[in-house]
2 protein chains.
Amino acid sequence: MAVKRGHSNCIDTVKPLRDALDVINGKWKLPIIVSIGVGNDRFSDIRDSIPGITPKVLAKELKDLEEHKLIKRTVVGGYPVQILYTSEAYADSLTPVVYALKEWGLNHRSKIFSAE
Amino acid sequence: MAVKRGHSNCIDTVKPLRDALDVINGKWKLPIIVSIGVGNDRFSDIRDSIPGITPKVLAKELKDLEEHKLIKRTVVGGYPVQILYTSEAYADSLTPVVYALKEWGLNHRSKIFSAE
DNA sequence: AACAATGGTTTCTTAAAGGAAACTAGTATA
DNA sequence: TATACTAGTTTCCTTTAAGAAACCATTGTT
């Protein structure tokens, strides 16, 4: 009888990975965090800084991010009423994630272009 | 007239971010890469190492990852026929991404538990 | 009165992701 | 002949993501 090999345990990495993905998964969340991080604080500026995003999607993602305490929504009176979105300090903790993904994306794109 | 503020440009970060997300986005891809990376090379071992994944989803994700040259599928004859999944060297380039997400996930979980 | 600007919402539609359960082909062993 | 094993596939269904287009309230300006 063949030796029964159990599967290697990777649960200690997979679990936190899943915890992170549950929060920042999706096409738009990190781009929005970056946009706000570089200083876009109004709805229309964020919208215009991210190619392809629609107001519906942006509104929904902003709510999600606010719930996760990554951004803050502030109402400023006046004309027209302004809403300011700003990064919470907690969002800074995502910097290593953003940086790693950005570097990988740059490398991936150059790899694809040289191969095809 | 109020000064018209243009939105800050974050396209240089958002674009590569999107390139990366297009490849590794989703609930399962990074967990699968990690599982294969630690040595699980058979379908059932990978399946058993990732809680909650179904064979249908695993089969589909493995195909995606193979297309992106992140893993390799090798058929080994014999009884029963074995298929071996192994990491391509390219998958190693995801290590910083995985590490950053894992650390963030660990921190996020402890933050949630201490706050609620 | 009409229009513009901001920060969204509403409706409708399609596509993709995810999941449960059952099933399959080929082969070896009892 | 019946059963087990590996590596999936098949069917059916629900949920979530995404997108296009139009619309809305408030208020100041012309």
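Naming: A, B, ... by sequence-line order, numbering from 1 per chain.
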Under 4.0 Å between a Lys/Arg side-chain N and an Asp/Glu carboxylate O for A:E88 and A:K72?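 Salt bridge flag = no for A:K72 with A:E88.
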**Prompt:** Is A:D19 salt-bridged to A:K15, going by a charged N under 4.0 Å from an acidic O?
**Reply:**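 No.
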Distance in angstrom units between [X] [atom1] and [N] [atom2], rounded:
| X | N | atom1 | atom2 | value |
| --- | --- | --- | --- | --- |
| B:I32 | D:dG8 | CD1 | P | 12 Å |
| A:D48 | C:dG8 | CG | C1' | 14 Å |
| B:I83 | C:dT27 | CD1 | P | 13 Å |
| B:F43 | C:dG26 | CZ | P | 19 Å |
| B:L84 | D:dA7 | CG | C1' | 12 Å |
| B:Q82 | C:dA28 | CD | P | 14 Å |
| A:L62 | C:dG8 | CG | C1' | 10 Å |
| A:E66 | C:dG7 | CD | C1' | 14 Å |

Each nucleotide of nucleotides 17-30 of chain D classed B (base within 4.0 Å of a protein heavy atom), S (only sugar-phosphate) or -, in 5' to 3' order, makes SBBB------BS--
*Is there a donor-acceptor pair closer than 3.5 Å between any side-chain N or O of B:D41 and the backbone N or O of B:T86?*
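Checking the backbone N and O of B:T86 against the side chain of B:D41, no donor-acceptor pair under 3.5 Å is found.
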Below the 4.0 Å mark, does D:dA7 have OP1 or OP2 next to a side-chain nitrogen or oxygen of B:S44?
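Yes, such a contact exists.
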Would you say B:Y85 places a side-chain N or O within less than 4.0 Å of OP1 or OP2 belonging to D:dT6?
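No, no such contact exists.
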From A:I50 atom CD1 to B:H7 atom NE2, the distance as rounded to the nearest 0.5 Å: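 The CD1 atom of A:I50 sits 9.5 Å away from the NE2 atom of B:H7.
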Measure the spacing between CG of A:L94 and CG of A:L101 and express it to the nearest 0.5 Å.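 A:L94 CG to A:L101 CG: 10.0 Å, rounded to 0.5 Å.
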Just jot down the side-chain contact (heavy atoms from CB on, under 4.5 Å) partners of A:S87, sequence neighbours excluded, or say none.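 With neighbours one apart ignored, the set is A:I36, A:A91.
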